[in-house]
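The figures that follow rest on heavy atoms only: side chains count, while hydrogens, waters and symmetry mates do not. One is the number of the first residue; the rest follow in order along the sequence.
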Amino acid sequence: MRAIVCSSYGAPEALRVEDLPSPPLKTGEVRVAVVAAAANFPDVLVIAGEYQIKVPPPFVPGSEFAGVITEVSPEVAGRSIGDRVTGTGLVGAFAEEIVVRADKVSPIADGVDERVAAAFGVAYRTAYHTLRSVARVGSGDRVIVLGAGGGVGLAAVQLGVLLGAEVTAVASSSEKLAVAQRYGAAHLINHREADLRTALRAAVPGGADAVIDPVGGALSEPALRALGRGGRFVTIGYASGDIPAIPLNLVLVKGIHIVGFQFQDIPADEFARNESELNELLVNRRVAPHVGASYALHDTAKALRLVADGHAVGKVLIEINRGEST
């Protein structure tokens with residue numbers, strides 16, 4: 001099978017396409033022919049050896065995929081050859097085949113394309129669980145979304161609007177903000193062209209109810225200051241590469257709640273509710289991922305570079321069977 005191989009830690013440009021033996025199928029696993037994989041920021045960190053979990057080279061990177069089951073180990077129940085599935089893992093997705101535990105894949109609903117499924121899973125599940133169960137966003141709430149042009153940020157804009165919130169989108173370019181506006185953002189702020197603290201005060205003069213922050217760095221404190229009394233600040237990740245230092249006096253004075261998002265922290269009943277609601281939104285086409293760019297397998301390095309440099313708009317896909325001669 002063709003696969004992207006990381007032979008040593010470094011930049012995306014060091015990745016190469018190689019012909020590898022098909023990975024063996026073990027007890028409890030399924031083999032999936034990958035149709036599409038998503039390029040995510042954690043993939044860049046894994047390749048660089050800077051992620052919280054290190055994978056010894058050589059390895060096949062890629063953490064999010066969708067495809068078709070081609071083989072099932074005898075011990076697996078509930079999965080069959082021909083099932084269309086999506087899944088996530090730490091590595092292995094940037095290849096023609098991936099072998100994973102059967103309980104780590106989920107069925108793709110009828111009428112949903114594999115490319116849509118590959119772009120939807122991580123970003124939209126992260127955004128929806130954050131909005132519903134951590135930020136507790138409801139109709140009429142004023143929500144600030146940092147990194148509103150990225151995968152999680154743009155998903156939070158779309159889903160926040162569907163939940164009835166007034167969304168202020170903060171991003172680094174007019175292109176990203178134009179897409180956020182298309183998905184319903186009420187206020188648009190380019191933080192590279194305006195003082196963020198001043199701009200947020202103008203956009204949300206009464207103070208925001210929630211901040212969704214997948215970026216960190218210098219954007220976090222001005223957004224925290226823009227919260228109203230009792231507001232919720234949810235930290236999801238640090239795509240900027242910098243972990244912010246928060247002045248705790250602001251938390252004290254305003255009674256602000258700062259919460260970190262992790263899937264495992266969502267109560268089981270709420271998790272099931274959120275997953276059901278999100279799947280219904282996808283199946284009924286009330287929400288769909290914005291795929292800003294798509295690449296062939298041999299151009300995986302270009303896809304990851306786009307993500308690493310913060311230039312991606314929405315999701316970036318690797319289409320495994322896309323023509324290699326183009």
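A donor-acceptor pair shorter than 3.5 Å cannot be found between the side chains of N190 and K176. Side-chain N/O atoms of S22 and E97 include a donor and acceptor closer than 3.5 Å. Residues N274 and S133 bring a donor and an acceptor atom of their side chains to less than 3.5 Å of each other.
Nearest approach of A93 to I98, heavy atoms of both residues: N-CD1, 3.8 Å. The nearest pair of heavy atoms linking A208 to I144 is CB-CD1, 3.7 Å. Residues H298 and V17 share a closest heavy-atom pair of CA-CG2, 3.7 Å. In plain terms, the two heavy atoms of V60 and A95 that are nearest each other are CG1-CB, 4.0 Å. Closest of all the heavy-atom pairs between M1 and P21 is CE-O, 4.1 Å.
Using a 4.5 Å heavy-atom threshold, the side chains of S220 and F233 count as touching.
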task: Just do the side-chain contact (heavy atoms from CB on, under 4.5 Å) check on I47 and Y9 with the steps written out, would you?
output: CA-CA 5 Å; I47 290 163; Y9 294 138; over 6 Å; no

query: Taking it one step at a time, do V68 and E114 satisfy side-chain contact (heavy atoms from CB on, under 4.5 Å)?
result: CA-CA 9 Å; V68 181; E114 288 91 349; 4.0 Å; yes

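Side chain of N279 to main chain of S276: no donor-acceptor pair is present (N/O by atom type, distance under 3.5 Å, no hydrogens or angles). Between the S80 side chain and the D83 main chain, no donor and acceptor come within less than 3.5 Å of each other. Looking only at distances, a side-chain donor or acceptor of R84 sits under 3.5 Å from a matching main-chain atom of A109. Side-chain atoms of R125 do not come within 3.5 Å of backbone N or O of E275 as any donor-acceptor pair. A distance-only check finds a donor-acceptor pair linking the side chain of T300 to the backbone of L297 [under 3.5 Å]. Here the side chain of K254 pairs a donor or acceptor atom with the backbone of L227 at under 3.5 angstrom. Using modelled atom types, one side-chain atom of S73 and one backbone atom of G28 make a donor-acceptor pair closer than 3.5 Å. Of the possible donor and acceptor atoms, one in the side chain of D213 sits under 3.5 Å from a partner among the backbone N and O of V215. Distance alone, capped at 3.5 Å, is enough to place a donor-acceptor pair between the R31 side chain and the P23 backbone. A donor-acceptor pair is defined here as one N or O able to donate and one able to accept, closer than 3.5 Å; no such pair exists between the side chain of T86 and the backbone of A118.
Each ring pair (Phe, Tyr, Trp, His ring centres under 6.0 Å) pair with one or both residues in residues 257-288, not counting sequence neighbours, appears once here: H129-F263, H129-F271, F261-F263.
The pair E277-R132 meets the salt-bridge criterion, since a charged nitrogen lies less than 4.0 angstrom from a carboxylate oxygen. Between R79 and E29, no side-chain nitrogen of the basic residue sits less than 4.0 Å from a carboxylate oxygen of the acidic one, so the salt-bridge criterion is not met. D103 has a carboxylate O that lies under 4.0 Å from a charged side-chain N of R101, or vice versa, which qualifies the two as a salt bridge. A salt bridge links D309 with R305: the closest approach of a Lys/Arg side-chain nitrogen to an acidic carboxylate oxygen falls below 4.0 angstrom. Between E18 and R2 no salt bridge is recorded (no basic side-chain N to carboxylate O distance below 4.0 Å). With salt bridges taken as basic N to acidic carboxylate O contacts below 4.0 Å, none links E75 and K26.
Rounded to the nearest 0.5 angstrom, L15 CG and I4 CD1 are separated by 6.5 Å. To the nearest 0.5 Å, atoms CG (L304) and CD1 (I318) are separated by 6.0 Å. For the atom pair CG (L219) and CG (L196), the distance works out to 6.0 Å, reported to the nearest 0.5 Å.
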Show which side-chain atoms of residues 145-166 pair as donor or acceptor with protein atoms under 3.5 Å away, not counting sequence neighbours.
unit_1	atom_1	unit_2	atom_2	d
Q158	NE2	Y124	OH	2.6
E166	OE2	H187	NE2	3.2

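Counted within 6.0 Å of CG on D269, heavy atoms from surrounding residues, nucleotides or ligands total more than 12; the atom is thus considered enclosed. Atom CZ of R286 has 12 or fewer neighbouring heavy atoms from other residues, nucleotides or ligands inside a 6.0 Å radius. Environment of CD in E270: crowded, with over 12 heavy atoms of neighbouring residues, nucleotides or ligands closer than 6.0 Å. No more than 12 heavy atoms of other residues, nucleotides or ligands shown are found within 6.0 angstrom of NZ on K302.
Only one option out of P12, P61, S63 pairs with D43 in a side chain to side chain contact (heavy atoms under 4.5 Å, CB included); it is S63.
Both L131 and V287 are assigned to one and the same hydrophobic cluster, defined by single-linkage of ILVMFWY side chains at heavy-atom distances under 4.5 Å.
V291 belongs to a hydrophobic cluster whose other members, connected by ILVMFWY side-chain contacts under 4.5 Å either directly or through intermediates, are L317. Hydrophobic side-chain contacts under 4.5 Å tie V99 into a cluster, directly or through other members, with L25. Residue V35 is found outside any hydrophobic cluster, as its side-chain heavy atoms come under 4.5 Å of no other Ile, Leu, Val, Met, Phe, Trp or Tyr.
The side chain to side chain donor-acceptor pair (under 3.5 Å) check on R232 picks up nothing, with sequence neighbours excluded.
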